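Bear in mind the structure is a predicted one, so any value in this text is a computation, not a measurement. Just so it is clear, the values below take in all heavy atoms, side chains as well, and ignore hydrogens, waters and symmetry mates.
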Amino acid sequence: QVQLVESGGGLVQPGGSLRLSCAASGSIFSINAMGWYRQAPGKQRELVAAFPSGGSTNYADSVKGRFTISRDNAKNTVYLQMNSLKPEDTAVYYCNVAVVTTQPYRYLELWGQGNLVTVSS
């Protein structure tokens, strides 16, 4: 089995910063992709930033220049550094990880539990 544990998030004033973390653990053979999505009230879940499988880093246009995705392969952890936060960044943020498990080899796509980020004065 594979588990994802998210941390970070909370309440921050406009212009402030937060960092989210998502650690994968368990029967992991390899990690194919890691990323962050968000869902604001009344809106669909959208991609924020990702390390796709075999591709370059992707960012939503709305966060380019403000958010940075990074990863620590030794810890199977992905981070999202969020700077210059705006009220419109308020949402529940979810990590998304695609892994191949140890034998029997299986491809799994997992979602974190979600963390609320609220940007408000």
Side-chain angles (χ1 to χ4, degrees):
Q1 294 185 351
V2 179
Q3 299 83 34
L4 298 182
V5 177
E6 291 188 33
S7 61
L11 174 64
V12 65
Q13 292 186 343
S17 298
L18 283 175
R19 189 176 83 152
L20 304 179
S21 301
C22 175
S25 63
S27 304
I28 299 171
F29 175 75
S30 66
I31 295 180
N32 288 11
M34 306 182 88
W36 292 94
Y37 290 71
R38 68 186 180 186
Q39 188 166 16
K43 295 187 177 181
Q44 290 186 334
R45 191 172 297 188
E46 63 175 359
L47 172 71
V48 177
F51 292 107
S53 176
S56 58
T57 307
N58 292 336
Y59 288 95
D61 288 343
S62 59
V63 307
K64 284 180 180 177
R66 300 187 299 121
F67 291 11
T68 303
I69 188 171
S70 61
R71 62 193 291 179
D72 184 333
N73 291 331
K75 296 181 179 179
N76 290 336
T77 299
V78 61
Y79 305 95
L80 185 68
Q81 177 66 42
M82 303 182 290
N83 299 328
S84 302
L85 282 160
K86 304 175 181 180
E88 51 263 43
D89 295 317
T90 296
V92 177
Y93 285 70
Y94 299 90
C95 67
N96 176 260
V97 178
V99 306
V100 175
T101 67
T102 55
Q103 290 188 0
Y105 298 113
R106 291 187 300 158
Y107 178 88
L108 297 177
E109 184 174 356
L110 304 169
W111 291 91
Q113 79 273 16
N115 266 316
L116 178 63
V117 172
T118 303
V119 184
S120 175
S121 55

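- The closest side-chain heavy-atom distance from V63 to R38 is below 4.5 Å.
- In this structure, T90 contributes its side chain and V119 its backbone to a donor-acceptor pair below 3.5 Å.
- Hydrophobic clustering (side-chain heavy atoms under 4.5 Å, transitive across Ile, Leu, Val, Met, Phe, Trp, Tyr) keeps L4 apart from V100.
- Between the side chain of Q39 and the backbone N or O of V92, no donor-acceptor pair lies under 3.5 Å.
- Remark: T68 OG1 to N83 CG distance equals 6.5 Å, nearest 0.5 Å.
- With values rounded to the nearest 0.5 angstrom, L116 atom CG is found 9.5 Å from Y93 atom OH.
- Although no hydrogens or angles enter the test, the distance criterion places no donor-acceptor pair under 3.5 Å between the side chain of S27 and the main chain of T102.
- By the 4.5 Å heavy-atom criterion applied to side chains, E6 and Y94 are counted as neighbours.
- Here the closest heavy-atom approach between residue S121 and residue P14 is recorded as N-CD, 3.7 Å.
- A donor-acceptor pair under 3.5 Å is formed between the side chain of Y59 and the backbone N or O of I69.
- Heavy-atom minimum distance, A60 versus L47: CB-O, 3.4 Å.
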Checklist entry - Between L11 and S120, does a side chain to side chain contact (heavy atoms under 4.5 Å, CB included) hold up when you go through it step by step? => result CA-CA 7 Å; L11 174 64; S120 175; 4.3 Å; yes
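- Other residues, nucleotides and ligands contribute only 12 or fewer heavy atoms inside 6.0 Å of the CD atom of Q1.
- Atoms OG and CZ, from S17 and R66 in turn, are 10.5 Å apart once rounded to the nearest 0.5 Å.
- Separation of atoms CZ (R19) and OG (S7) is listed at 8.0 Å; rounding is to 0.5 Å.
- Between L85 and F67 the shortest side-chain heavy-atom distance falls below 4.5 Å.
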Checklist entry - Could you walk me through whether M34 and C95 pass the side chain to side chain contact (heavy atoms under 4.5 Å, CB included) check? => result CA-CA 7 Å; M34 306 182 88; C95 67; over 6 Å; no
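- Residues L110 and L80 fall within the same hydrophobic cluster, defined by Ile, Leu, Val, Met, Phe, Trp and Tyr side chains chained together at heavy-atom separations under 4.5 Å.
- Remark: F29 CZ to Y107 OH distance equals 15.0 Å, nearest 0.5 Å.
- Put simply, Y79 and M82 are part of two different groups of oily side chains (I, L, V, M, F, W, Y) that touch within less than 4.5 Å, one to the next.
- Atom CD of Q44 sits in a sparse spot, with 12 or fewer heavy atoms from other residues, nucleotides or ligands closer than 6.0 Å.
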Item to check | Trace of the salt bridge (Lys or Arg N to Asp or Glu O under 4.0 Å) decision for K86 with D89 | outcome: CA-CA 5 Å; K86 304 175 181 180; D89 295 317; over 6 Å; no
Item to check | Test log, rule side chain to side chain contact (heavy atoms under 4.5 Å, CB included), inputs F51 and I31 | outcome: CA-CA 10 Å; F51 292 107; I31 295 180; over 6 Å; no
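- Contact check for N76 versus V97: no side-chain heavy atoms found under the 4.5 Å cut-off.
- The minimum heavy-atom distance linking T77 with A23 is given by the pair OG1-CB, 3.6 Å.
- Taking the six-membered ring where tryptophan is involved, the planes of W111 and Y37 are perpendicular, since the angle between them exceeds 60° and thus also 30°.
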